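By convention in this document, chain letters (A, B, ...) are assigned in the order of the sequence lines, proteins followed by strands, and residues within each chain are numbered from 1. Values below: every heavy atom of this structure, side chains too, minus hydrogens, waters and symmetry copies. No experiment lies behind these values; they were computed from the predicted model shown.
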Number of protein chains: 2
Amino acid sequence: MTTPLTDPAPADDGAPGTSRVPGARPRGRPRSAVAERAILDATMRLVAEQGSLAGLSIEAVAQEAGVGKATIYRRWPNKEALVIAALEAAEQPLPALPGDNVRDDLVLLLDAMRVNLIDARAEGLLSAVLGQVKQHPELGRRYHEVVIEKRRDAMRDVLRRGIASGELRDDVSIELMKDLLAAPMLTRKLMQELDLPPELPALIVDTVLAGIGTDRPQC
Amino acid sequence: MTTPLTDPAPADDGAPGTSRVPGARPRGRPRSAVAERAILDATMRLVAEQGSLAGLSIEAVAQEAGVGKATIYRRWPNKEALVIAALEAAEQPLPALPGDNVRDDLVLLLDAMRVNLIDARAEGLLSAVLGQVKQHPELGRRYHEVVIEKRRDAMRDVLRRGIASGELRDDVSIELMKDLLAAPMLTRKLMQELDLPPELPALIVDTVLAGIGTDRPQC
DNA sequence: ACGAAACGAGACTGAACCGTATCGAAATCC
DNA sequence: GGATTTCGATACGGTTCAGTCTCGTTTCGT
């Protein structure tokens, strides 16, 4: 992709760089927001494709983004910082939860996860990060903050509400419930490369709620 | 590790190399089984450490194993083949299942998974393979055959038995049951780096069997 | 118009690594 | 003992890439 990139006319670079003086605008030519997007997009694509930071080269990113290497190094000091910026830029907001009904809220949360996992870039980034946590602890930490914890907290709120309302058992830890609900779709995609049909979230939620056993002590 | 490696006296190299003529023993010096083990062990350690094939160098394997590079290339043509051999060599047998009781068999299976995941090498190899499937489809295929499918089939048999005996619902697909049971421990270890306490398998099995909801249509 | 900074392109140095080849020593068969 | 093959070690040419720097050009503020 060597399409020439051009910024829109006045190019209102609100926050193009990563670390800039908070004071007045500097003197020379402002940094291109278009180039920045192209770099982050290319980074996402290539990390997802390579499955690791070791397999990602800055040179390939520059090529793929149609950008000079200096334009990348001007913004981020190394690969790890670049990948962290890319994953933060790609993060999507969680769906609004009506809150009428715990079961439906859980299905909504799982469906948001499902849509995200279907995106090859997000799924590739996830599996790459998993393998690179030991080598790049800062990357793992930020992924947790930006991606994992946000979802975990949202689900925890719903589960807490369900326990309070009596829709969920009060003798099972919230952490365990969360893992039981969220994990199956992840492993389906990550380990088996299966597709995730739209009805899967509801199926998982209903089955986890009801259990797969036939006898039940508390009945 | 530059400890000098020595084979035991007669060094009964039953199957040291990977591709050898099935006929009579060749003429020269036989291949060292000790070197072979050292290479495979070093490969496992380094892949787990690097989290990817791209981050693994044959030179580092030779160094870590205390072996010349030629000794590696004599056996395997490239990195992918080497890593496949390493994962196959590290594979452990599954536990014997008494079969008296579906619940207990499931706990045994999950506990075998748990013990495996606690091993840093096995866990590191798993997360590395997950990220490298796109780049190395053959590696993914073999991992599936050797590791995943064996466990999946064992669990499927137990679940089928449970449905037949009436211990499990007959209106939930076996694939879904398997994912509900196996996935939570995987994501705990892979995504959250939590430890896996010994009581976790029983807790997961019992909770999935009973369900986390309080109301139940079929009661 | 002028200076300042960013732009794409690519030259450059140095490091890491691949895969092959060569060395003398060691292990095995005939 | 001689032929043969593997051993660890290391040298070798070739490739890829990191990170810096230098072009000439472009886009801003003044």
Measuring to OP1 and OP2 of [N], would you say a side-chain N or O of [X] lies under 4.0 angstrom away?
X: A:T71; N: C:dG8; answer: yes
X: B:S32; N: D:dC7; answer: no
X: B:R74; N: C:dG19; answer: no

In whole Å, I'd like the distance from the [atom1] atom of [X] to the [atom2] atom of [N].
X: A:Y73; N: D:dT22; atom1: OH; atom2: P; answer: 17 Å
X: B:R27; N: D:dT5; atom1: CZ; atom2: P; answer: 7 Å
X: B:K69; N: D:dA11; atom1: NZ; atom2: C1'; answer: 10 Å
X: A:R29; N: D:dG29; atom1: CZ; atom2: P; answer: 13 Å
X: A:I39; N: C:dA6; atom1: CD1; atom2: C1'; answer: 11 Å
X: A:I72; N: D:dA18; atom1: CD1; atom2: P; answer: 9 Å
X: A:E64; N: D:dC17; atom1: CD; atom2: P; answer: 14 Å
X: A:Q63; N: C:dG8; atom1: CD; atom2: P; answer: 13 Å

Subject >> Closest listed nucleotide, where the reference is the side chain of A:A70 and the choices are D:dG8, D:dC21, D:dC28 >> reply: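 Nearest nucleotide to the side chain: D:dC21.
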
Original post:
When rounded to the nearest 0.5 angstrom, what distance separates CG in A:L190 from OG1 in B:T187?
Top reply: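 The CG atom of A:L190 sits 10.0 Å away from the OG1 atom of B:T187.
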
**OP:** Would you give the length of the straight line joining atom CD of A:E199 to atom CZ of A:R114, rounded to the nearest 0.5 angstrom?
**Re:**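 Separation between the atoms: 8.0 Å.
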
**OP:** Might you work through the salt bridge (charged side-chain N to carboxylate O under 4.0 Å, His left out) test for B:K134 and A:E49, ending with a clear yes or no?
**Re:** CA-CA 7 Å; B:K134 288 190 191 68; A:E49 195 175 287; over 6 Å; no

**OP:** Please say whether more than 12 non-hydrogen atoms of neighbouring residues, nucleotides or ligands are located less than 6.0 Å from CZ in A:R121.
**Re:**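 No, CZ of A:R121 has 12 or fewer neighbouring heavy atoms, counting only those of other groups under 6.0 Å.
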
Original post:
Want to settle it: does B:G28 or B:N78 sit nearer the 5' end of DNA chain C, counting the closest nucleotide to each?
Top reply: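 The residue mapped nearer the 5' terminus is B:N78.
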
Subject >> B:K189/B:E123 ion pair, N-O < 4.0 Å >> reply: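 B:E123 and B:K189: not salt-bridged.
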
Original post:
Are A:R151 and A:E91 close enough for a salt bridge, meaning some N to O gap below 4.0 Å?
Top reply: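 Looking at A:E91 together with A:R151, the answer is yes, because their closest N to O distance falls below 4.0 Å.
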
Using a 3.5 Å cut-off and no angle test, enumerate the donor-acceptor pairs between side-chain atoms of residues 81-88 of chain A and protein atoms at least two apart in sequence or in another chain.
residue : atom : partner : partner atom : Å
A:E88   : OE2  : A:R142  : NE           : 3.1
A:E88   : OE2  : A:R142  : NH2          : 2.7

**OP:** For DNA chain D, find the residues of residues 48-60 of chain A with a heavy-atom distance under 4.0 Å and give them by number; none if there aren't any.
**Re:**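 The answer is A:L56, A:S57, A:I58, A:E59.
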
